[in-house]
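See below for the structure under consideration.
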Amino acid sequence: MAKKKKEKKGGKHLKKKELVEMLLSYFRTKPNEAFSLKQLFQALKLTTHPGKMLCIDVIEEMVEDNFLIEVEKGRYKINDKGQILTGTFQRKSNGKNSFIPDDGGEPIFIAERNSAHAMNNDKVKISLCAKCKKRQVEGQVIEILEHANETFVGVLKVSKNYAFLLTEANTLANDIFIPKDKLKGGKDGDKAVVRITEWPEEAKNPFGEVIDILGKAGDNTTEMHAILAEYGLPYTYPQAVEAAAEKLSAEITPEDYAEREDFRDVVTFTIDPKDAKDFDDALSIRNLKPGLWEVGVHIADVSHYVKEGSIIDKEAVKRATSVYLVDRTIPMLPERLCNFICSLRPDEEKLAYSVIFDMNDKAEVKNFRIRHTVIKSNRRFTYEEAQQIIETGEGDYKEEILELNRLAQILREKRMSAGSINFDRCEVKFEIDENGKPLSVYFKVSKEANKLIEEFMLLANRTVAEYVGKVPKNKKPKVFPYRIHDLPDPDKLDNLNQFIARFGYKIRTGGSKVEVSKSLNHLLTEINGKKEQNLIETVSLRAMQKARYSIYNIGHYGLGFDYYTHFTSPIRRYPDLMVHRLLTRYLAGGRSAQADKYETLCEHSSAMEQTAASAERASVKYKQVEFMGDRIGQVYDGVISGVTEWGLYVEINENKCEGMIAMRDLGNDFYEFDEKNYCLIGRRHHQKFSLGDPIKIKVARANLAKKQLDFVLAEA
C-alpha cells in the first residue's frame, strides 16, 4: 500500500514562488483592505517560523516592486494604482527625465532610453519597471497620448549639406536637425523658432522645421523676442486683430452720454509710471459738504469696445495679460485700444466704469455706487510729480492730491491693523540706451504717491467683490472671478522661522490669521534697511502661496480681505475684463454665469500670469548678465542668496545682480551640502558657507546665451 503523501504544514516547505502567488491572490480578493503581518500569517495558515520569515521577505520585495503599499507601519494593501500610469513627461537635457502622475503622486524617474522620445510636457502613459532594491522607482513611456506641440528657440548652424538648431533650453540634450528645405530663409548665426516634426526611433536627433526667424543672435530685439518665444508668448500682433481694432469707432454717442453719469466737470487725474501709455485708472475727488468727500475710482471701460467672442476678444483671452519686459511692453490688446481709445488720456473725454465712494474725514465709506461714467482727465501725473506735491505741498491740484493722500494713509493703516501683509519689494530697473544696452541699474521703491493709487485700487477691487459675493445666508452668490490667496503652508512658516533665527529674528507660526500676519509685518519692519532685507523678503515670499484667480472664493490672505477681485486694470488683465462684463450683467439683474466656463478662464489666466512673470524675470536676468559682461574681473561685496549641492548663489549688494560660484571654485576642499541648515561645510578645513552670509566675489564670466553669471571667491 502506497504511503500517503505528507501534506505541507504551516508553510514549512513552501517555495517562494508559491507564496508570492498566494499573497497576490489573497490581496486581489480584498483590494480595498489593508492587513497586518499577523492577519496575513493567519489567512495563509503560516504557523512555522521559516514560513513567516519567508512571508516577511516576500512582502518587503512586493513593497519595493510597488505591487504592495505600506499604508501605515506594518499594514499592507495592494497598490490599486497598478503598474500603468498617465501623466506629464518632463524632459531634462541631462537625461534625468521625470514623469508627474495625473493624480499628483511623487515624480517617477524616466531614463532617456525609456523615454520613447517624448517631449517636455507631453501627456504620456508609462509602465512601472521592476524595481531594484534600494533604487528609486523607474518608469518607461509606452504611449505618447498628446504632444505639447512645443517649439524651441536657438541659434541656427547652417553648413553646405545640413542645418541644426543649437538649443539653449535645459529640456533638450540633442540639437534639432533641420532639412535645408525647412530653413525658411534662415542663415548661419540666426536665432530661430523651430517646431519638432518627428523623432524617428532610431535617430539620435529630432527633426524640425523653422517657424520664424527672430534675427541675429545678440541683437537686443532678437533676444527679447527669443525670451518671449521660449515661454510660448507672442511677440507680434496678428494683422487681422490690428485691422479689427482700426475699424472701432472712438466716438462717444448721444446714447452713451444719456445712459452714463457725467464726471467731466469733476477734478480728475491719472498718476502712472513715467513711461506708461496705457492709463487704465483715474481718480476724482470733490467735497460734498464739510467732512464728506466723494472719491471716484474711474477705470477704462474696455468692455464697451471689446465684445465677448470678437476677434479682438479671442486674442485677448489667449494672451490673458500684458507682458512687461525690461525694455518693452507686449500688450494684451492692440495698441489702438490700449494706448488711444481706452487709455484715460488728459483733456480727452473717455468712457469709464467707476466705483464712487462717499467718505468722511476718517476715510470711512458712508456710501458707494458702481456706475458707467464719462470722464475727462484734467492732468496726467507721473509718480515722481505726484510725490513732489506730497512732499512739498506745492503744485497742480495740490489740495486734491494732499487730501487723497491723507485718506489713503488712513485706509492703509486700517488695512495693516486688520492683518494685511506689507510686502514692499524694491524692483530692479535699468537705464537703457536706444540700442537696448543697459547703462546703469536703479531700484524702484514704492513711495506715498504709489501707495495712494494702490489704496484706492484695493478699495475698488474689494468693494466690487463684496458687492457680488456677499449675499444673505440662504442665497447662493453668482458666479464671479475672485483673486484668491490661500494661507501659508505651516511647514514653510516653520522653515522660515528657523531661517530668520540665524539673523536674530522670529515670527509666530501659530495662532489666528491676523496674529501671524502682524508677526510677519513686524519682521518686515525690523529688517527694513538692513543688509539681509532682500534675502529675508525673498525667503518670506517663498513661504507664501501664490495668488490666483478662481470662481471659488476663499478670501485673500496676504491682503486680509474676505472678498477680493481684479476690476482696476482691464487694459492689461483679462480677468478684469471678465469682472466688468459680469458686473454689468448682474447690475442689470442678469442670471448667474456658467461656472465651468469662468473657472476654465480663471485657470488659464492664472497660468498665463505665471508664464508672463517668468518671461519678465528672464529679461531682467538677461540685462543683468549683459550689464555685468562689461565688468569681468571686478570685485564686489555680496550676500549668499542660495545654497545648493552644486555651489553658491551670490547677490551683489550694489546692483542685486545674482551669479553662481561653482563648487569647484570654492577652494581646495570637499564640501558637504547641509540642506536643512542651508549651508556648505568643508570636510578638511571646516569652512562654512551659509545662506545670508556676506561674501566678496570677483566676476569671472558672463554667458548671455544661458543668462548666467559665474563668480569666483575674491582674494582675501
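These numbers come from a predicted model, not from an experiment. The figures here come from the full heavy-atom set of this structure, side chains too, leaving out hydrogens, waters and symmetry mates.
- Taken to the nearest 0.5 Å, the CG atom of Asp262 stands 11.0 Å off from the CD1 atom of Ile375.
- In this structure, Arg319 satisfies the cation-pi test against Tyr237, with its NZ or CZ atom closer than 6.0 Å to the six-membered ring centre and inside 45 degrees of the ring normal.
- Contact check on Glu427 versus Lys429 returns a salt bridge, with a Lys/Arg side-chain nitrogen under 4.0 Å from an Asp/Glu carboxylate oxygen.
- For the residue pair Tyr574 / Asp313, a side-chain donor-acceptor distance below 3.5 Å is found, with atom types taken as modelled.
- Counting heavy-atom neighbours within 6.0 Å of Lys447 NZ, excluding the residue itself, gives a total of 12 or less.
- Using a 4.0 Å cut-off between a side-chain N of Lys or Arg and a carboxylate O of Asp or Glu, Glu413 and Lys362 do not qualify as a salt bridge.
- Within a 6.0 Å sphere centred on NZ of Lys451, heavy atoms belonging to other residues, nucleotides or ligands number more than 12.
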Worked check of salt bridge (Lys or Arg N to Asp or Glu O under 4.0 Å) between Arg260 and Asp301: CA-CA 12 Å; Arg260 290 170 179 263; Asp301 191 359; 2.6 Å; yes
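- The nearest pair of heavy atoms linking His225 to Tyr235 is CD2-CB, 3.6 Å.
- Under the 4.5 Å side-chain criterion, counting only non-hydrogen atoms from C-beta, Tyr549 is not in contact with Pro481.
- Using a 4.5 Å heavy-atom cutoff, the side chains of Asn521 and Met416 are in contact.
- Separating the CG atom in Leu283 from the CD atom in Glu400 is a distance of 11.5 Å, to the nearest 0.5 Å.
- Within 6.0 Å of the CZ atom in Arg548, the count of heavy atoms belonging to other residues, nucleotides or ligands does not exceed 12.
- Residues Thr463 and Phe357 are in side-chain contact: their nearest non-hydrogen atoms beyond the backbone lie under 4.5 Å apart.
- At a threshold of 4.5 Å between non-hydrogen side-chain atoms, the residues Glu385 and Gln388 do not count as touching.
- Centroid-to-centroid, the aromatic rings of Phe561 and Tyr563 stay 6.0 Å apart or farther.
- To the nearest 0.5 angstrom, His522 atom NE2 is 11.0 Å from Ile527 atom CD1.
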What's the verdict on salt bridge (Lys or Arg N to Asp or Glu O under 4.0 Å) for Glu609 and Arg483, showing C-alpha distance, side-chain angles and the deciding distance? CA-CA 12 Å; Glu609 177 187 27; Arg483 180 70 168 172; 2.7 Å; yes
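- Of the options His556, Arg415, Lys518, Lys414, a side chain to side chain donor-acceptor pair (under 3.5 Å) to Ser420 is made by Arg415 and by none of the others.
- Within a 6.0 Å sphere centred on CG of Asp265, heavy atoms belonging to other residues, nucleotides or ligands number 12 at most.
- At least one side-chain heavy atom of Pro238 sits less than 4.5 Å from a side-chain heavy atom of Glu315.
- Rounded to the nearest 0.5 angstrom, Leu496 CG and Thr509 OG1 are separated by 9.5 Å.
- A cation-pi arrangement is absent between Arg371 and Phe263 under the rule of less than 6.0 angstrom and at most 45 degrees off the ring axis.
- For CD of Glu349, the number of neighbouring non-hydrogen atoms (other residues, nucleotides, ligands) closer than 6.0 Å is greater than 12.
- In plain terms, the two heavy atoms of His298 and Ser284 that are nearest each other are NE2-OG, 2.8 Å.
- With a 4.5 Å cut-off on side-chain heavy atoms, Asp278 and Met332 do not count as touching.
- In the displayed structure, Lys307 atom NZ is contacted under 6.0 Å by more than 12 heavy atoms of other residues, nucleotides or ligands.
- At most 12 non-hydrogen atoms from other residues, nucleotides or ligands lie less than 6.0 angstrom from CD of Gln239.
- Thr584 and Tyr353 share a donor-acceptor pair across their side chains, judged by distance under 3.5 Å alone.
- Heavy atoms only, all atoms of each residue included: Ile421 and Tyr557 are closest at CD1-CE2, 3.5 Å.
- Going from atom CZ of Arg380 over to atom NZ of Lys274 covers 10.5 Å, rounded to the nearest 0.5 Å.
- The residue from Val295, Leu292, Ile285 that alone fulfils the side chain to side chain contact (heavy atoms under 4.5 Å, CB included) condition with Met359 is Val295.
- A salt bridge links Lys398 and Glu394; the closest N-O separation between the charged side-chain nitrogens and carboxylate oxygens is under 4.0 Å.
- In terms of heavy-atom proximity, Arg345 sits nearest to Ser377 at O-CB, 4.0 Å.
- Considering all non-hydrogen atoms of both residues, Thr568 and Ala460 come closest at CG2-CB, 4.1 Å.
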Run the numbers on Arg369 and Glu294 for salt bridge (Lys or Arg N to Asp or Glu O under 4.0 Å), then give the verdict. CA-CA 11 Å; Arg369 60 193 188 278; Glu294 180 195 76; 3.1 Å; yes
